[in-house]
Amino acid sequence: MDSSEKGKRDFFPYILVGLAAATLFFLLLLDRRAPIFSTPAGMAPFFFIVFAIALTLILFAMRTPAPADNIGNGLWLKWHRSGPIGGALTGLIFLLIYWAYDWPAPNRAEISERRVNEMCGIHPPVPNELIIWTTPAPISLIPGYMLVGMALGTVVGLLFPRWHGFMLRLAQRRPAARMLSHPYPSGLLFGIIFGALIGVWLCPIIFSISDGRPFTRVSTSAISVFLAVGFYLLFEVASYRHRMNRSAYLTLGTVLSVGVLLTGLVWLLDAQFSISETAYCYFYDTWNTRTNQLKAGWQPAIAGIIYGSMVGGIVMSVASGYLIIRTAVAQAAGGGLSSDLHSTGK
Amino acid sequence: METIDPRLEQTLETLDRGVLLFALGGIVFHVIEISLAGLLLTAAAAILYGLVRNRITNLDHFKFGSALPTLPGVNLSRLMLVCQWLGNQRLFEGLLGDLVDPEIGRTHTTAQRHLREALWPAIWNRAWKTVLDRLWLDRFLQS
């Protein structure tokens with residue numbers, strides 16, 4: 001590559017990820033007050049054309065040398081920064097999807113206190129004056145979501161490497177636990193345990209704020225996490241497309257397919273068995289509407305543990321796939337980062 | 001950048017046909033459903049696809065050995081972009097020749113009028129030919 005190309009920015013990843021983000025966002029907007037397309041079938045042509053644009057970009061980007069830009073040798077999101085930055089961005093994406101998918105709209109039955117009597121079949125019904133009818137402005141939630149995301153990302157970024165190192169040492173000592181040394185089961189177990197711990201603390205706090213916001217569905221969490229991690233993956237893979245080998249693409253395809261299937265499964269189960277509504281009613285049952293406080297006892301904690309471990313499991317199962325891809329990309333790039341990723345226990 | 005191989009060209013033509021059929025279907029559907037937003041968005045996406053596809057494909061077919069002349073009142077790089085998008089180097093060279101003519105390139109207004117008169121029919125002709133060709137109706141292009 002000649003010197004004139006040095007320092008030139010490669011805009012392809014931004015275009016591709018922006019295109020994918022905009023397209024998926026339209027999909028979620030469909031369910032809102034004023035759908036852009038008259039029916040879901042009506043948006044199929046638009047999707048096809050957008051994916052055709054992305055395909056054209058990919059086809060030609062593969063043929064052209066990527067200009068050297070200031071990303072340097074490492075991956076875009078450095079390992080030590082990926083926790084808080086990734087967490088804050090995930091918080092923002094989470095809020096965006098939450099607003100697009102769960103927020104009250106005339107054609108949507110949101111899960112909130114406004115519908116608690118019909119949804120949970122409470123007898124005697126909660127009187128109108130005890131129900132919060134107003135909804136907060138979504139923009140006012142941005143700092144909270146980003147800060148909570150940053151805090152959770154930092155916790156995961158600091159603790160997961162130690163956890164994974166512990167799992168590796170455990171696998172060396174006990175052959176029966178060898179399966180847990182792989183990033184995926186290790187990440188999943190971490191997600192379930194730490195999700196439960198975080199959930200027991202965070203869920204009652206979030207629920208007790210009770211400012212009229214709707215309840216985040218489990219499917220919304222799954223979609224948000226999948227999209228957030230999927231965008232980082234796409235971004236890094238697009239940035240390092242010339243270093244990707246066949247096995248890295250295969251891993252990417254597998255991780256994305258597993259992500260889509262898991263998200264689809266969570267979505268289906270949530271819709272089919274009304275998991276989110278049941279969870280909300282369970283939470284609401286732990287709430288004393290007369291004193292506006294959580295009831296005493298273990299019930300709120302158990303609800304937090306269940307919900308936190310569920311969301312933690314979803315988050316870490318996708319995030320582990322992200323780590324596997326990073327390793328694959330780093331190995332394809334010449335192993336420059338693999339030591340960084342495997343030094344998680346240090 | 002190397003030249004496009006025939007297999008890739010064939011793939012892109014198939015993709016063009018798919019986009020065109022989906023765009024026409026989407027537009028018809030949204031007209032029936034009276035959804036202006038959906039109609040506009042589908043049309044905009046199809047136009048964007050056309051622009052991206054043509055621009056990228058024609059990058060290879062447009063090379064100049066010498067530096068471009070400077071003409072008063074005409075942005076040659078913009079003109080080149082349009083001609084590059086049309087994939088027509090001869091049109092660019094012809095227009096450049098016309099603009100050097102003192103009668104046409106004398107003032108900004110006459111130059112712009114000449115460009116408008118030449119470029120709009122060329123764009124329309126190109127779009128029409130592409131649509132007919134992608135819909136397997138290229139026999140009508142002969143007449």
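Just so you know, these numbers use all the heavy atoms, side chains as well, and skip hydrogens, waters and symmetry mates.
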Does B/Trp120 CH2 have over 12 foreign heavy atoms under 6.0 Å away?
no
Compare every heavy atom of A/Pro45 with every heavy atom of B/Gly26, then report the nearest pair and how far apart it is.
CA-CG, 3.5 Å
Is the number of heavy atoms from other residues, nucleotides or ligands within 6.0 Å of CH2 (A/Trp133) greater than 12?
yes
Nearest 0.5 Å, what's the CG-CZ distance between B/Leu39 and A/Phe46?
13.0 Å
Return the option, out of B/Leu15, B/Asp16, B/Leu48, with the maximum number of heavy-atom pairs under 4.5 Å with chain A.
B/Leu15
Correct closest heavy-atom pair for A/Ala52 and B/Val19 would be CB-CG2, 3.4 Å
Please enumerate all residues that pass side chain to side chain donor-acceptor pair (under 3.5 Å) together with A/Ser112, with sequence neighbours excluded.
A/Glu110, A/Arg114
What is the distance from atom CG of B/Asn54 to atom OG1 of A/Thr56, rounded to the nearest 0.5 Å?
10.5 Å
How about CG on A/Leu261, more than 12 heavy atoms from neighbouring residues, nucleotides or ligands closer than 6.0 Å, or not?
yes
